[in-house]
Amino acid sequence: TTVREMANSTLVFRNLTENGRVVGAIGVIGPCRMDYSKVVTLLEAMSDRMTGMLDGGPPGLASGHPDDKETT
């Protein structure tokens, strides 16, 4: 069935993993004409941080992600 209120909406989501296994997802429901580049960038950052925390790393760093660099 179709939900009328959601007719012009879309879902963008990203999986959350723990030790390489998918354990959940986070996402955004928004209008079809939303700024996808901003939403995808936000979801990537959030999922990377949450995956890093699930993997036991320090908050804010996803373990093994090539873009993760500690600064001193």
Scan the side chains in residues 22-37 for donor-acceptor partners under 3.5 Å anywhere in the protein, sequence neighbours excluded, and list what turns up.
residue, atom, partner, partner atom, Å
D35, OD1, S37, N, 3.4
D35, OD1, S37, OG, 2.8
D35, OD1, K38, N, 3.4
Y36, OH, C32, O, 2.8

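- Grouping the Ile, Leu, Val, Met, Phe, Trp and Tyr side chains by contacts below 4.5 angstrom, directly or via other members, places M53 apart from L42.
- Within the structure, side chain to side chain donor-acceptor pair (under 3.5 Å) pairs that include any residue of residues 17-31 do not occur (at least two apart or interchain).
- Hydrophobic clustering, with ILVMFWY side chains joined whenever heavy atoms are under 4.5 angstrom apart, groups L11 together with M6.
- Connection of V3 to V12 is not established within any shared hydrophobic cluster, with ILVMFWY side chains joined at heavy-atom distances below 4.5 Å, either directly or through further cluster members.
- Hydrophobic cluster membership is shared by V39 and M46, with clusters built from Ile, Leu, Val, Met, Phe, Trp and Tyr side chains linked at under 4.5 angstrom.
- Among pairs with a residue in residues 4-13, none fulfils side chain to side chain donor-acceptor pair (under 3.5 Å), at least two apart in sequence or across chains.
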